[in-house]
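What follows is a single structure, written as C-alpha cells, with notes after it.
Per chain, numbering begins at 1; letters A, B, ... match sequence-line order.
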Amino acid sequence: MKLYETPPEFRVKIDKDLCTRCKRCNMQCGFGVLSYDAKEDKIVADHHKCVACHRCMVYCPQSAITIERNTHAYQDSGAWPVYLRERVYKQAATGGVLLTGMGNAAQYESIFDHLVLDACQVTNPSIDPLREPMELRTFLGSKPSSLQFETEKGEYALKTEVPPQIRLETPIMFSPMSLGAISLPVQKSLAMAAEMSGTYMNTGEGGLHKDLYPYARNIIVQVASGRFGVYDEYLKAAAGIEIKIGQGAKPGIGGHLPGEKVDDQVAATRMIPPGTDALSPAPHHDIYSIEDLRQLIFALKEAVEYSKPISVKIAAVHNVAAIACGIARAGADIIYIDGFRGSTGAAPTIIRDNVGIPIEIAIAVVDERLRREGLRNSVSLIAAGSIRSSADAAKAIALGADAVAIGTAALIAVGCRVCMKCYTGNCSWGITSQRPELYRRIDPREGAVRLANLLRAWGHEIKEILGAVGVNSIESLRGSRERLRGVGLDRETLDIIGVKPAGVGY
Amino acid sequence: MDTTAIELIDAQGVSFRELNNRIRQALARGVSSVRLANVNGQRYICCGFSVDRPVEVEIRGIPGNDLAAFMNAPITIRVRGNAQDGVANTMNDGKILIHGNAGDVLGYSMRGGRLFIRGNAGYRVGIHVKAYKDRAATIVVGGTAQDFFGEYMAGGVMAILGLGRKEGEPIIGNFLATGMHGGKIYIREHIDPRILGKEVSIFELDDSDWAELKALIDEFAADFSEDLSALKKEEFIKLEPVSARPYGRLYAY
C-alpha cells in the first residue's frame with residue numbers, strides 16, 4: 001500500500017454483522033476505496049481514498065456502511081489550521097499545483113444570509129399565489145429605450161423592432177457545464193429539464209453533443225477561448241450564444257481538460273483528437289479590449305444574422321461594474337456574472353478560494369452603474385455563483401439581476417454530494433465522470449424529472465415570496481432593493497449594495 | 001439557377017451588414033463567383049457563411065477585420081490587396097488567398113480550410129489552430145510573421161516561407177509555438193532555439209514531411225501564379241511538440 005503523509009480524512013466503517021459480503025459497495029465506489037478480502041471474508045477499505053460521497057452507503061442493501069470524519073489530533077494553532085498544514089505536506093511531496101472542484105470552500109460569510117425580504121402587513125395587502133395569477137416569465141435580451149406603435153385598420157401594432165429575446169418561464173437557468181466537466185447523461189437531464197420547465201441549459205465550452213441537438217431551442221452555446229466544438233451549425237442551432245470570458249471559480253484562468261478525460265465522445269463533441277489535452281487559453285487571444293469584444297459580438301451576430309441574443313459571461317472581480325458597462329456598450333444583449341463562489345469542474349484551489357468578489361455585491365454595483373450610465377435597458381443580467389435556494393434567487397433579483405443560474409444546486413438535484421473531486425473523473429454518482437461504468441448510473445429522464453421538480457419547487461417558493469411582498473410579477477421585484485434589509489452587515493457594505501439596515505422603514 | 005454567373009458588387013459606402021446580405025442573396029441565386037469592388041474596411045465579410053457548392057469571392061480593396069470568421073463552406077476568397085486582423089477566425093472550411101500582407105490574430109482557432117498569405121503576417125498568427133478527423137487547418141505565410149506564431153497550436157500545419165525579406169530581417173518573431181501541443185510548423189530557416197516555447201523542439205523533415213511541404217509550396221505557387229520551385233531545394237526545419245500533454249505534470253491530485 002502507498003505510504004501517505006497524512007492520516008485519512010474519512011473512515012469507512014463496515015458493520016460485520018450486517019454485511020452480507022454482496023460486494024455491491026466495491027462496484028459502486030468510483031475511487032477504489034473498497035475491496036473484498038477473500039482470506040478474511042470481509043470488505044476492507046482503503047480509507048485514504050474515501051471522499052465521503054456516500055455512494056456505497058446509499059447503495060448498501062443492509063445499511064451496513066457508515067462514513068465518519070477521521071478525527072485526529074493536531075497540536076492547536078490559531079495561525080496554522082490543519083488544512084493548510086496538510087496542503088503543505090502534499091505539495092512538498094509532489095511539487096504540484098493543488099487542484100479542486102466545485103465552488104469556493106473558504107470561510108467567507110454569505111451576504112445572502114445577511115439579507116432579509118420584506119412582507120406586507122395591514123396597510124398593503126399581500127397576495128395569495130395559490131389563488132391569484134403570479135408572473136415569473138422573464139425575457140432576456142436588449143430592450144429598446146422606447147416603443148413606437150402604429151395603427152392598422154384600428155388595430156395597434158408594435159412598430160419598434162425589438163432585438164431578439166430569450167423567453168424563460170421561470171427566472172432560473174442552468175449554468176454552463178461542459179461535456180467533459182460533466183457527463184453526457186447529466187447534460188441530457190439538464191437539456192430535458194430545461195425543455196420541460198421552459199428554461200435553458202448551457203453547453204459550457206465543450207461543444208454540443210449530437211444527442212442534444214433536438215433540445216437546442218432550450219440551449220445556450222458557449223464560445224470560449226479554445227473555441228472547442230464551435231462551428232456554424234452549433235451557432236445556428238442554439239437559442240442564444242455566450243462568449244465566455246471568465247468563470248467565478250477561476251477568474252482569469254484558462255481551462256485544462258486533461259487528456260484522460262478526452263474520450264471519443266468528448267473528442268467528437270469538442271472536435272479534437274481523443275486523448276489530447278483540451279487547453280482553453282486564459283484570455284481569448286483575439287480579445288484584448290472592449291473594442292475587440294465588440295468585434296467578436298458582432299462577428300457572432302453576423303454569423304447568425306442577428307437572430308439570437310449574444311451573452312457575455314464574466315467573473316465578478318473588483319472592477320466588475322466598469323467592465324459590465326463596457327460589455328453593454330460593446331453590444332452584448334446579456335451579461336452573465338459569476339460570483340466568487342461559482343463552481344468548476346477543475347481549478348487550482350488557491351484561485352478558487354482567493355480570487356474574485358461575492359455575487360451579491362457584483363449584482364448591486366453592476367445594476368447601479370448600468371442605470372447611472374443609461375444602459376440598464378440595453379442588457380439583461382444573469383447572476384450566478386452560489387444561488388443555493390429560491391431565497392437566494394429572489395434576493396439576487398431584488399438586488400438587480402434579471403435571472404439567476406444554478407450549477408451546483410442542479411448537480412445536487414441529480415445526486416452530487418459536493419465531495420469536490422470532480423477533477424479526478426472518478427465521480428461515483430456518474431455526474432462528473434467520463435467512465436462509462438460510472439456515467440451510466442445517471443438515467444437522463446429521471447435526472448430531468450428531479451431537476452424539473454427543483455425548478456417547480458423554487459418557482460412556487462418565489463411566488464410565495466412575491467405574494468408576501470405584495471407584488472404579482474417577478475418584474476416588480478427586479479432591482480427593488482427597498483424590499484431588502486441587511487442584518488449584521490457593516491455600514492459600508494450596505495452603502496455599496498444600496499440596502500438599508502433592518503429597522504429602517506421606507 | 002445559373003451557376004456560372006458572376007455577380008459584381010460595388011462595396012463603396014455599403015455597410016458590412018448590407019454587403020453580407022448582398023453576397024448571401026447572390027449565392028442564394030446560384031452564382032459561382034462574386035466580385036466585390038471598392039471594399040474599404042468592411043468587417044465580417046462572409047462571416048458564418050455556409051454553402052454546399054464551391055464558389056469564389058474576389059475582393060478588391062481592403063477587407064476589414066474578421067474576414068471569413070466562422071466560415072464553414074467551400075468558398076475561395078481571393079483578396080487582391082492587404083487584409084486586416086482576425087482573418088479566418090474559427091474558420092472550419094474554405095480557402096483564403098491574400099495577395100498582400102495581413103494583420104494580427106490570423107486563423108485564430110481555425111479547425112479546417114486554408115489561409116495563404118503571399119506577403120507578411122502580423123502578431124499572434126495561428127493561435128490554437130486545430131485538426132480534427134479529416135480536417136486540418138493549414139496556414140502558409142509567404143513572407144515573415146511576428147511574435148506568438150502558433151501559440152497553443154493543437155493540430156494542423158503552418159509554414160513560413162520567408163520570401164522577399166530585406167537583408168537581416170528575421171523570418172519570425174519571439175515566443176514561437178509556446179504551448180504548442182499538436183500539429184507541425186515548417187520554417188525556411190534555422191532558428192535560434194531561444195525564441196521557441198519550451199514545449200516544442202526542432203526536427204529535421206522526414207520524407208513524408210517533404211512530400212507534404214512540397215505539395216503545399218506547389219499549391220501556394222499555383223494559387224498566386226508564381227514559380228516557387230526553387231524553394232523546394234532549400235533547407236527547412238520542422239517544429240513539433242515534445243508532448244501532447246505539456247501540462248500533465250503541473251498538478252497535485
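For the salt bridge (Lys or Arg N to Asp or Glu O under 4.0 Å) condition, the pairs that include at least one residue of residues 60-74 of chain B, sequence neighbours left out, are B/E58-B/R60. Residue pairs meeting the salt bridge (Lys or Arg N to Asp or Glu O under 4.0 Å) criterion with at least one partner in residues 282-295 of chain A, sequence neighbours excluded, are A/R227-A/D286.
Without hydrogens or angle criteria, B/Y44 side chain to A/Q295 main chain gives a donor-acceptor distance under 3.5 Å.
The choice from B/F16, B/F49, B/Y108 that makes the most heavy-atom pairs within less than 4.5 Å of chain A is B/Y108. Among A/G95, A/A267, A/G96, the residue with the largest count of heavy-atom pairs under 4.5 Å with chain B is A/G96.
For chain A, no part of B/A73 is nearby; none of its heavy atoms comes within less than 4.5 Å. Interface remark: A/K421 contributes no atoms to any contact with chain B (heavy atom separation under 4.5 Å). In this structure, chain B has a heavy atom under 4.5 Å from the side chain of A/Y288, while its backbone stays farther away. Looking at B/D104, there are no atoms closer than 4.5 Å to chain A (heavy atoms on both sides), in backbone or side chain. With a 4.5 angstrom heavy-atom cutoff, A/A278 does not touch chain B via any of its atoms. For A/Y306, the part lying near chain B is the side chain, with the backbone staying farther off; criterion is any non-hydrogen pair under 4.5 Å. Residue contact with chain B, scored on non-hydrogen atoms closer than 4.5 Å, involves the backbone and the side chain of A/S225 alike.
Residues A/F298 and B/R43 fail the side-chain proximity criterion, which asks for heavy atoms closer than 4.5 Å.
The heavy-atom pair separating B/S50 from A/D232 by the smallest distance is CB-OD2, 3.1 Å. Here the shortest heavy-atom pairing between B/K130 and A/G226 reads NZ-O, 2.6 Å. When all heavy atoms of B/C47 and A/E302 are compared, the pair lying nearest together is SG-CB, 4.0 Å. Here the closest non-hydrogen pair linking B/H128 and A/L279 is NE2-O, 2.5 Å.
Centroid-to-centroid, the aromatic rings of B/Y152 and A/H285 come within less than 6.0 Å.
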